[in-house]
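Protein chains get the first letters and strands the later ones, always in sequence-line order, with residue 1 at the start of each. Here the structure is a predicted model, which means the values were calculated and not measured.
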2 protein chains.
Amino acid sequence: MAAHGARSRSGGRPTLEEVAARAGVGRGTVSRVINGSPRVSEATRTAVEAAVAELGYVPNTAARALAANRTDAIAFVVPEPETRFFAEPYFSDVLRGVGAELGETEMQLLLIFAGNDRRRQRLAQYLAAHRVDGVLLVSVHADDPLPDLLTQLEIPAVISGRRSADEALPSVDSDNFAGAHSAVEHLLGRGRTCIATITGRLDVYGAQRRLDGYRAALTDAGHRVDESLVAPGDFTEEGGRRAMTELLAAHPGVDAVFAGSDVMAAGARQVLREAGRRIPDDVALVGFDDSAIARHMDPPLTSVRQPIEEMGRAMIDLLLAEIADDRPASARRLEHRQLVLPTELVERASS
Amino acid sequence: MAAHGARSRSGGRPTLEEVAARAGVGRGTVSRVINGSPRVSEATRTAVEAAVAELGYVPNTAARALAANRTDAIAFVVPEPETRFFAEPYFSDVLRGVGAELGETEMQLLLIFAGNDRRRQRLAQYLAAHRVDGVLLVSVHADDPLPDLLTQLEIPAVISGRRSADEALPSVDSDNFAGAHSAVEHLLGRGRTCIATITGRLDVYGAQRRLDGYRAALTDAGHRVDESLVAPGDFTEEGGRRAMTELLAAHPGVDAVFAGSDVMAAGARQVLREAGRRIPDDVALVGFDDSAIARHMDPPLTSVRQPIEEMGRAMIDLLLAEIADDRPASARRLEHRQLVLPTELVERASS
DNA sequence: AGGTACCGTGGGAGCGCTCCCACAAGTGAT
DNA sequence: ATCACTTGTGGGAGCGCTCCCACGGTACCT
């Protein structure tokens, strides 16, 4: 099984050279076959493939990376602490979509948490060393320096969730505005009259857009927007609790709440229950994300679904295209590659 | 800012050579400084460090990997589809612990899903190419060929959750037996008399041990174990539902259930509620894992906590030790590096 | 004074690959 | 027959690093 010729220290694995010798061809030819170049005759290709199979040859990625200046790896960068990442189902959902799509390619996925300064420092070093071909960025706040760093280093990157309406980097987002709009419309349709909202961190563009959607839905239906019905949250459960507490104090008569995320809705639900409000009888509740939490909540939560799988797929597609594209970055940046995918309201017992 | 001398194609990044020239020393010396070798004079070290800082030098990992035959990366391998991985909080919890611990080192984390045959094929290739220095394996079933492959390729690996009592690979596990034992003891202490259990897949050693703990607790208290109170689950919510349905049909008088995981407990809860059983009044419920689900459940679920963070930490420590250890694998394997960490019962309203 | 030891250092040799130039052989137009 | 082009191929050069050998210098023994 193991066999043949002088072997290097690297665990006795065969090299290109050895495959070439075995197949009776040159090194370059084997390289061409491995990389699927069309400029190889059928006979030669067959011979090389046989040698590869016999020797169990697997290319050395480090050597390839060094010579070709690429790594066949992309980084999934989370500019948050691990805790936050795993507490927020949105992140894992995106990661799941990305993983599924990437499984079909030769690319490898690196998971990088950059939740504190030291980690960010390390990440910057890491990126400067060009250890990945591209970067997937989730949950980027408006003032995050990371995207600019990426641009400056000319590393292909795709953002999940734009930072603003005129995002410079390619991005994939869901239609937060329309999603929020439909949620509020739904509540209005159910005859609710005092509809509050709990927002996410408003320096996250998506949270802002959900708020815009909330406002627009009310205005479109001919209602005035009462700004005291808008309670700021921060995407955490605790934030949801706080916001709901405030809301209840200011508006005891509130009969519906649109929360900017399922996690915040969960927090709100706790407060509502403690206050003796029944869901949906007294207060209707709608979330956003349609994560596992929504299905498990009691009662199950009506929520705005985002096509996460598709978003993951789209991010990878965009990124791979970006990586393959070798025009200068300046030329690329002119084309706006912004994808906005539709949302869908999933109605459950909470509304 | 960018400056000095001829630059290679690799994005104008400085090389060791250039740093050496700048510091007025040889290439070897710079390498020694970078790698923290003690055999460098203080003066030289300072000079080199200055040059590194001025040039913004970052070592090229591909070159290093090629020359030194190491990659500074480890893989977190999940032999399950993404879906399963994210549905089971245990996995993400371990990953979180690992991520936190690894953040303190220079190692990078690769996330690899090997949930179907194609993926496994790719993984095997990947491992054969020695693209990682070590592997972390979660959720390994008794008959999984992956551990043997790892052993054969002499790739350092650590398993989360032993496959059997005499696991060959280094492993980190929690004390499933004691955890289950304490859970059942707790139920007995609450005066419950008809205590059922829903097991995980019994080809997972941990699930088996939890069942053993259940049995032992009953016997220790002088009770006979009624095997018809043991319902097989598979760690999924649906499995929990099925098992609970069976249990309820066979033993309408059941007044306590110990589920082998929180997810299964969630499934059981649904069925209990639909059957009109109140928790904990009619039926007490205890889970395992103390995951987020337990805290969010209604009522909050009593559950057996595993020290996940610590387990992640321990896995990394073991793996790094394994990687650093360059004795032949055969010598290593004799020492059993099996870590079993204690569990703790977290009492909540469900029992 | 000579010998031995060690320290800090420079730089050659290689790691296994890709890139690319050169060249042989074949093809078709002139 | 000649030239121009194409196609397939071999192999040199080089990617940026680590490893290691060899060298000069200092320190301490005989």
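Using a 4.0 Å cut-off, no side-chain N or O of N69(B) falls inside it from OP1 or OP2 of dT18(D). Side-chain nitrogen and oxygen atoms of T29(B) include at least one within less than 4.0 Å of the OP1 or OP2 phosphate oxygen of dG10(C). Contact check, S31(B) against dT18(D): a side-chain N or O comes under 4.0 Å of OP1 or OP2. N60(B) has no side-chain polar atom (N or O) that falls below the 4.0 Å cut-off from OP1 or OP2 of dC15(D). OP1 or OP2 of dT9(D) sits under 4.0 Å from a side-chain N or O of S41(A).
Interface remark: the R32(A) side chain does form a donor-acceptor pair with the dG10(D) base, using a distance-only criterion of under 3.5 Å. For dT18(D), its base sits under 3.5 Å from the side chain of R27(B) at one donor and acceptor pair at least. With hydrogens and angles ignored, no donor-acceptor pair closer than 3.5 Å exists between the side chain of R13(A) and the base of dG16(C).
Residues F85(B) and F113(B) bring their aromatic ring centres within 6.0 Å.
Salt-bridge formation is not detected for the pair E167(A)/R162(A): no Lys NZ or Arg NE/NH1/NH2 atom is positioned less than 4.0 Å from an Asp or Glu carboxylate oxygen. In this structure, E82(A) does not pair ionically with R96(B), as no charged nitrogen and carboxylate oxygen lie closer than 4.0 Å. With respect to D117(B) and R120(B), no salt bridge is recorded, no charged nitrogen being found less than 4.0 Å from a carboxylate O.
Residue A68(B) has its side chain nearest to dC19(D) when only dC17(C), dG10(D), dC19(D) are considered. Of the candidate nucleotides dG14(D), dG8(D), dT9(C), dT9(C) has the atom lying nearest to any side-chain atom of T44(B). Closest to the L16(B) side chain, of the nucleotides dT18(D), dG8(C), dT18(C), is dT18(D). When each of dT18(C), dG10(D), dG16(D) is scored by its nearest atom to the side-chain atoms of N35(A), the top-ranked nucleotide is dT18(C).
For the pair V40(B) and A63(B), nearest-nucleotide mapping onto DNA chain C gives the more 5' position to V40(B).
For the pairing with M107(A), the side-chain contact (heavy atoms from CB on, under 4.5 Å) check across V132(A), L319(A), L320(A) returns one residue only, L320(A).
Counting non-hydrogen atoms under 4.0 angstrom, R64(B) reaches the backbone sugars and phosphates but no base.
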